[in-house]
Each structure stands twice: as C-alpha cells, then as structure tokens.
Protein chains: 2
Amino acid sequence: MRKKKSNELLTEVELEFMNELWALGEGTVRDVLDRLPEGRDLAYTSAATILRILEQKEFVTSRKDGKSHVFIPSLGKDAYQTRSLKDLSMKLFDDTPVSLVARLVNDDELTDEALGTIRALVDRRLKNDTG
Amino acid sequence: MRKKKSNELLTEVELEFMNELWALGEGTVRDVLDRLPEGRDLAYTSAATILRILEQKEFVTSRKDGKSHVFIPSLGKDAYQTRSLKDLSMKLFDDTPVSLVARLVNDDELTDEALGTIRALVDRRLKNDTG
DNA sequence: TTTGAAAAACTAAAAACTTCGTATTTACTC
DNA sequence: GAGTAAATACGAAGTTTTTAGTTTTTCAAA
C-alpha cells in the first residue's frame, strides 16, 4: 500500500491563493487575481504560476472551460485547518493540543463571549460522544 | 514613539533551534547541536549560522563565556506561542480564534480527557474574570 | 611563547519561494 | 483562413532559507 503524504503545508502565497479558491469554490486565474486585496499588485503570470504550482503539489485540480482553466481545491479548508493545527501543535506545543488551547484561552484579548462559545462547543462535543 | 515589530515569525529551522534554547534556558552552539535528535546531522558551522541569524533577528541575545558564546532567548516561548496562534488565526481562520478552537474540538483524535481539560481551563478563566 | 584544539567570523553554494517576461497556443470574430 | 485578444506554457531572475566550507581568532596547555 502506498504511503499517503498528508502533511505537506502551503507556503505563504499558496495559502493566500487557496483562501480565495476556498471562498470561491472554484475559479480561474483571473477570478483569484480579482479577489486579491487593494494594493496587492501581482502580475497575471505570477498568479498563473502559483496556481500551476498548487496543481503540481496536488492541492488543486483543474478543468478546461473555454479558453481558460478553472481551478478546484482538492483539499477542503477544514481538512487543511486540521492539518495546520496538528503541525503547529507538534512544533510549538510539545504535541499536546491542550496546551495550545490553554495558550489561547489565556490570551487577554479573548472576550468572555468567545470563551462562552468555546465552552459550548466543548460541551456539545462531550455530550455527543456519550449520548 | 518607535513602532515595535512584534509580528515576525520564525522559519522552520529557527523554530527548531529556539525550541532547544527554550528547553535549555540558554546554551552554546554545541549545547543546541547536542540536543538535536538522532539523524539530524547538521554541521557545527550550520548551527552557528542559524544562531547568528537568530541574533540578527533579535530572537536571542548572547554573552561571551570563555571561548564560546552563550545564546539566550529574548522572547519567551509563551509569547511566541501567542504570536503564532494569532498569525494562524488570521491567515487560516478568518481572524476568529473561536473557529480555530472549534476545528480542534471537532478533531476526532482528541480524547474526552483532553476535552475535559479544555473545559476546565475555560471555566477557570471565566470564573477568574468575574470573581 | 609556541602550539593546538575549539569556536567564531566570514563567505558562499544549494534549495525553496516569489515574481514576472517572452513565446506559444487557443478560441472567437471578420 | 487571417487577425486578435486572452490565456497558457516555459524559463528564469531575484530573494530568502538552509547548509556547509575556509579562514581567523581565542584560550589554555605544554
């Protein structure tokens, strides 16, 4: 059985592009480029290159539509979020996700409302597991 | 007043080294090199280069001790953890830390025990804020 | 005080990432 | 089919990151 490589991480710019594709569902070079924020002046060919690389790395697939390619994420944002958190937890939190949450919860900028939401999430998950 | 630049992130190898320094408290090139795991064969000069760069970027300071330099983190691991989480939250979780926790809590590999610990952390923090 | 081993300083090669220009292809219009 | 505007393919320059070699300095021991 072939080993699945499910631990590759996106570079900064790749992530920037994936975020747009995740928001769009799918899109052409032009679609992604148009979504980039004011002041982010990237040549059309640069954008095309990034998407080509993402396809090489198998983060997206593409289909032909008329003259252009339409790029489609082959990995959901959820899945990538999980992968990223595992990586960060491993590299900076001694591989214990709890300490990651501990750090977050200790952040002064986190509001009580946010904390309440978090507790609700945890409670719901605990209830579902037993019930 | 000068603007503080408190948002620089460590590269992969820089983080690898900072982790050892954080564990050691402080250490020489040799100290760090000796702590790297089996199979991580890095030349002495490479390690020295990394530490020099970390000093340039002001993640560490150093003092002379006999023949060698002793490197000391100038940023605590806690602080860097917070910084990293903010960055990840911004780039991959629409700047809402709650959704980061939601993703983590939804991870099937998280045990009920871990969930319990997380809830306790949240409860304690909520209690302290009001009490 | 010479000498030798260890460290530092410096330089630079190799690899990865980011950006873009040129050339070619594509599909539509006349 | 020829013209043309838009897209792709390809190659590569510039930058940052990672790694390591060479030279110089430093300290201590003989």
Side-chain angles (χ1 to χ4, degrees), chain A residues 5 7-21 24 26-72 80 84 87-88 91-92, chain B residues 5 7-21 24 26-72 80 84 87-88 91-92:
Chain A
K5 57 153 183 184
N7 36 354
E8 304 257 352
L9 294 184
L10 296 163
T11 68
E12 186 102 357
V13 177
E14 285 165 3
L15 176 56
E16 184 186 12
F17 274 52
M18 287 301 289
N19 270 324
E20 304 308 342
L21 280 183
L24 284 167
E26 59 175 47
T28 64
V29 173
R30 185 66 62 194
D31 294 335
V32 173
L33 204 46
D34 286 349
R35 280 185 57 94
L36 295 183
E38 203 62 29
R40 177 71 162 113
D41 298 320
L42 204 52
Y44 179 93
T45 53
S46 305
T49 301
I50 302 291
L51 288 168
R52 175 164 52 83
I53 290 171
L54 283 169
E55 188 163 22
Q56 264 163 24
K57 296 190 180 176
E58 300 186 18
F59 283 108
V60 308
T61 58
S62 74
R63 65 180 156 77
K64 202 77 179 299
D65 179 34
K67 188 183 307 197
S68 3
H69 283 164
V70 177
F71 295 91
I72 306 116
Y80 186 74
S84 276
D87 179 75
L88 188 65
K91 292 191 179 138
L92 192 56
Chain B
K5 56 153 181 184
N7 35 355
E8 303 259 353
L9 294 184
L10 296 163
T11 68
E12 185 103 358
V13 177
E14 285 165 3
L15 176 55
E16 183 187 13
F17 274 54
M18 287 302 288
N19 269 323
E20 305 308 341
L21 280 182
L24 284 168
E26 59 175 48
T28 63
V29 173
R30 185 66 60 195
D31 293 336
V32 173
L33 203 46
D34 286 348
R35 280 186 56 94
L36 296 183
E38 203 62 28
R40 177 70 164 116
D41 298 319
L42 205 54
Y44 178 93
T45 53
S46 305
T49 301
I50 301 292
L51 287 167
R52 177 164 51 80
I53 290 171
L54 282 169
E55 187 163 23
Q56 263 163 24
K57 296 189 179 176
E58 300 186 21
F59 283 107
V60 307
T61 58
S62 73
R63 65 180 156 77
K64 200 78 179 299
D65 179 35
K67 188 184 304 197
S68 1
H69 284 164
V70 176
F71 296 91
I72 306 115
Y80 187 72
S84 276
D87 178 75
L88 187 66
K91 293 194 178 133
L92 191 57

Protein-nucleotide distance ([X], atom [atom1]; [N], atom [atom2]), rounded to Å:
{"X": "Asp34(A)", "N": "dA6(D)", "atom1": "CG", "atom2": "P", "answer": "13 Å"}
{"X": "Arg40(B)", "N": "dA20(D)", "atom1": "CZ", "atom2": "C1'", "answer": "12 Å"}
{"X": "Leu51(B)", "N": "dT19(D)", "atom1": "CG", "atom2": "P", "answer": "13 Å"}

Qualifying residues under side chain to side chain donor-acceptor pair (under 3.5 Å), relative to Thr45(B), sequence neighbours excluded: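 Here no residue qualifies.
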For Thr28(B), side chain to side chain donor-acceptor pair (under 3.5 Å) partners two or more places apart: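 Only Asp31(B) meet the side chain to side chain donor-acceptor pair (under 3.5 Å) criterion with Thr28(B).
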All pairs passing salt bridge (charged side-chain N to carboxylate O under 4.0 Å, His left out) where residues 32-44 of chain A contributes a residue, at least two apart: Glu16(A)-Arg40(A), Glu20(A)-Arg35(A)
Considering all heavy atoms, the nearest Leu33(B)-Leu42(B) contact: CD1-O, 3.7 Å
[X]: partners by side-chain contact (heavy atoms from CB on, under 4.5 Å), with sequence neighbours left out:
{"X": "Leu15(A)", "result": "Leu10(A), Asn19(A), Trp22(A), Tyr80(A), Lys91(B), Leu92(B)"}
{"X": "Thr49(A)", "result": "Arg52(A), Ile53(A)"}
{"X": "Thr11(B)", "result": "Glu14(B), Lys57(B)"}

Footprint string (nucleotides 8-16 of chain D, 5' to 3'): B base within contact, S backbone only, - free, heavy atoms under 4.0 Å: BBBB-----
DNA chain C: 5'-proximal contact among Gly66(A) and Asp41(A) (nearest heavy atom):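 Result of the comparison: Asp41(A).
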Qualifying side chain to side chain donor-acceptor pair (under 3.5 Å) pairs with a residue from residues 61-70 of chain A, counting only residues at least two apart or across chains: Glu26(A)-Arg63(A), Glu55(A)-Ser62(A)
Opening and closing nucleotides of DNA chain C in contact with chain B, under 4.0 Å to non-hydrogen atoms: dA5(C) to dT11(C)
Touch class at under 4.0 angstrom, heavy-atom based, for Leu42(A) against every strand present: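 Touches sugar-phosphate only.
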